[in-house]
Participant: 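Before anything else, here's the structure in question.
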Amino acid sequence: MKNQSILEIMRNKDLRSGRSYDLGKMNLKELWVAYLTHGTILLYFSLIVASIVGVYYTFTGWLPVIGAIIMMILGFPLIWYIIHRWIMHVSILYRIKWTASLWKRIHFDHHQDPHLLNVLFGSPLNTIPTILIVAGGLGYLVGGVPGFFASIGTAVYMASFYEFFHCIQHLGYKPKSKYVLHIKQVHVLHHFHDEKGNYGITNYFWDKVFGTYYEEAKMRDRSPTVFNMGYDLKEAERYPWVMLKTGSPPRDRPAGSNFREQKKPSSEQDKQAA
């Protein structure tokens with residue numbers, strides 16, 4: 001498939017058969033096609049354009065617009081860290097019947113099958129309201145109505161940027177860039193070694209600040225809940241709502257994996273799992 005043209009890739013239904021897009025079996029060209037034609041990304045691009053239009057029609061000067069943009073560029077990594085660590089990874093959401101479906105969609109499905117693109121992207125029903133409230137609210141405080149639109153557009157752009165590199169981190173190829181290779185290896189540890197760390201995507205500054213950063217598997221013991229985030233069979237019996245939604249018990253390894261039977265050192269396993 002490496003020599004396929006973009007049109008041939010778009011016509012290739014095998015990439016989406018059964019498990020939707022499987023990033024572990026795709027190359028970079030196939031990722032670009034999947035990314036740029038995905039409904040979520042197209043919606044994000046539309047929101048960026050709408051935000052630019054909003055800034056244009058409410059423009060009162062460059063200071064509130066630039067201020068809101070800089071604030072969101074600097075603040076987005078912290079917002080992501082907070083959401084990832086203290087919302088996506090908390091057990092309270094699956095213990096409440098009314099939030100179990102939300103927790104399942106926003107992160108559980110992704111940890112159960114890290115290479116599945118359709119659950120890697122955040123659901124617009126969740127991400128867009130969050131951006132409007134958090135980014136829009138902060139932007140309004142900094143720059144009024146123009147700042148509101150500028151901050152939303154910047155946040156949606158940052159989300160799109162994060163989503164692409166998040167895909168890269170699960171893609172079945174070795175990046176040439178040392179930086180991209182580094183963030184890929186660190187993120188792989190979050191999914192295949194210990195989920196209680198490395199919450200960033202392209203920026204691990206806040207992991208270092210809060211003491212959740214680790215660069216090698218040997219720095220931590222392997223987590224038994226790395227694929228289910230603590231929602232194991234015992235928890236599923238007590239709080240069955242996520243299991244009822246998935247239609248099957250929670251897995252402690254990816255589907256079809258011999259993860260536990262591998263005898264190789266942890267660091268080598270984690271690198272090969274990417």
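What you see below is based on every heavy atom in this structure, not just the backbone, and it leaves out hydrogens, waters and symmetry mates.
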Participant: Applying a strict under-4.5 Å side-chain criterion to I, L, V, M, F, W and Y, I'd like to know whether Leu47 and Ile133 cluster together.
Facilitator: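 No; Ile133 is not reachable from Leu47 via cluster members.
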Participant: Keeping to residues at least two apart or across chains, list the salt bridge (Lys or Arg N to Asp or Glu O under 4.0 Å) pairs with something in residues 79-105.
Facilitator: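 Applying salt bridge (Lys or Arg N to Asp or Glu O under 4.0 Å) to every pair that reaches into residues 79-105, excluding sequence neighbours, yields Arg95-Glu235, Lys104-Asp109.
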Participant: Looking at every non-hydrogen atom in both residues, tell me the closest pair between Gly139 and Ser151 and how far apart they are.
Facilitator: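 Taking Gly139 first and Ser151 second, the nearest heavy atoms are CA-CB, 3.5 Å.
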Participant: Taking all non-hydrogen atoms of both residues into account, name the closest pair between Val65 and Pro146 and its distance.
Facilitator: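 Heavy atoms only, the tightest pair is CG2-CB, 4.0 Å.
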Participant: Backbone N or O of Val188 within a donor-acceptor pair of the Gln169 side chain at under 3.5 Å?
Facilitator: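 Pair absent, no side-chain N/O of Gln169 close to backbone of Val188.
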Participant: Kindly assign one of parallel, tilted or perpendicular to the pair His170 and His166, based on the angle between their ring planes and the thresholds 30° and 60°.
Facilitator: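 Tilted: the ring planes of His170 and His166 meet at 30° to 60°.
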Participant: If you look only at pairs with a residue in residues 26-54, which of them pass as a ring-ring contact (aromatic ring centres under 6.0 Å, His included), with sequence neighbours excluded?
Facilitator: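 Of all non-adjacent pairs touching residues 26-54, those that pass ring-ring contact (aromatic ring centres under 6.0 Å, His included) are Trp32-Phe164, Tyr35-Phe164, His38-Phe121.
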Participant: Which label fits His107 and His89: parallel for a plane angle under 30°, tilted from 30 to 60°, or perpendicular past 60°?
Facilitator: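 The arrangement is perpendicular - the two ring planes meet at more than 60°.
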Participant: State plainly whether one hydrophobic cluster holds both Ile96 and Tyr94, where clusters connect Ile, Leu, Val, Met, Phe, Trp and Tyr through side-chain heavy atoms under 4.5 angstrom apart.
Facilitator: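 They do share one cluster, since a chain of ILVMFWY contacts under 4.5 Å joins Ile96 to Tyr94.
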Participant: Donor-acceptor check, side chain of Thr212 to backbone of Gly197, threshold 3.5 angstrom: yes or no?
Facilitator: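 The answer is no, because no donor-acceptor pair under 3.5 Å joins these two groups.
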Participant: Could you pull out the closest heavy-atom pair between Tyr231 and Tyr239, with the gap in Å?
Facilitator: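 In this case the closest contact between Tyr231 and Tyr239 is OH-O, 2.6 Å.
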Participant: Return the set of residues passing ring pair (Phe, Tyr, Trp, His ring centres under 6.0 Å) with Tyr81 (not counting sequence neighbours), or none when no residue passes.
Facilitator: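 Here the qualifying residues are Trp86, Tyr199, Phe210.
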Participant: Do the rings of His84 and Trp80 sit parallel, tilted or perpendicular, given the 30° and 60° boundaries?
Facilitator: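 Tilted, since the angle between the ring planes falls between 30° and 60°.
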Participant: Mark yes or no for whether Asn198, through its side chain, and Tyr214, through its backbone, hold a donor-acceptor pair below 3.5 Å.
Facilitator: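 Checking the backbone N and O of Tyr214 against the side chain of Asn198, a donor-acceptor pair under 3.5 Å is found.
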Participant: Is the His190-His111 ring centre distance short of 6.0 angstrom?
Facilitator: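 Yes, the ring centres sit under 6.0 Å apart.
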Participant: Show every salt bridge (Lys or Arg N to Asp or Glu O under 4.0 Å) that has at least one partner inside residues 187-206, sequence neighbours left out.
Facilitator: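 Output for this query lists Asp194-Lys196, Asp194-Arg220.
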Participant: Taking all non-hydrogen atoms of both residues, which atom of Met72 and which atom of Leu138 are closest, and how far apart?
Facilitator: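 Minimum heavy-atom contact is CE-CD1, 4.4 Å.
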Participant: For Pro114 versus Leu120, what's the shortest heavy-atom pair and its separation?
Facilitator: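 So the minimum-distance heavy-atom pair works out to O-CD1, 4.3 Å.
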Participant: Which residue pairs pass the ring-ring contact (aromatic ring centres under 6.0 Å, His included) test with at least one member in residues 49-79, sequence neighbours excluded?
Facilitator: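 Output for this query lists Phe59-Trp62, Phe76-Tyr162.
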Participant: Provide the closest heavy-atom pair for Ile41 versus Glu163 in the form atom of the first, atom of the second, distance.
Facilitator: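 Taking Ile41 first and Glu163 second, the nearest heavy atoms are CD1-CB, 4.4 Å.
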Participant: Taking only residues two or more places apart in sequence, or in another chain, which ones meet Glu215 in a salt bridge (Lys or Arg N to Asp or Glu O under 4.0 Å)?
Facilitator: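 Partners of Glu215 under the salt bridge (Lys or Arg N to Asp or Glu O under 4.0 Å) test: none.
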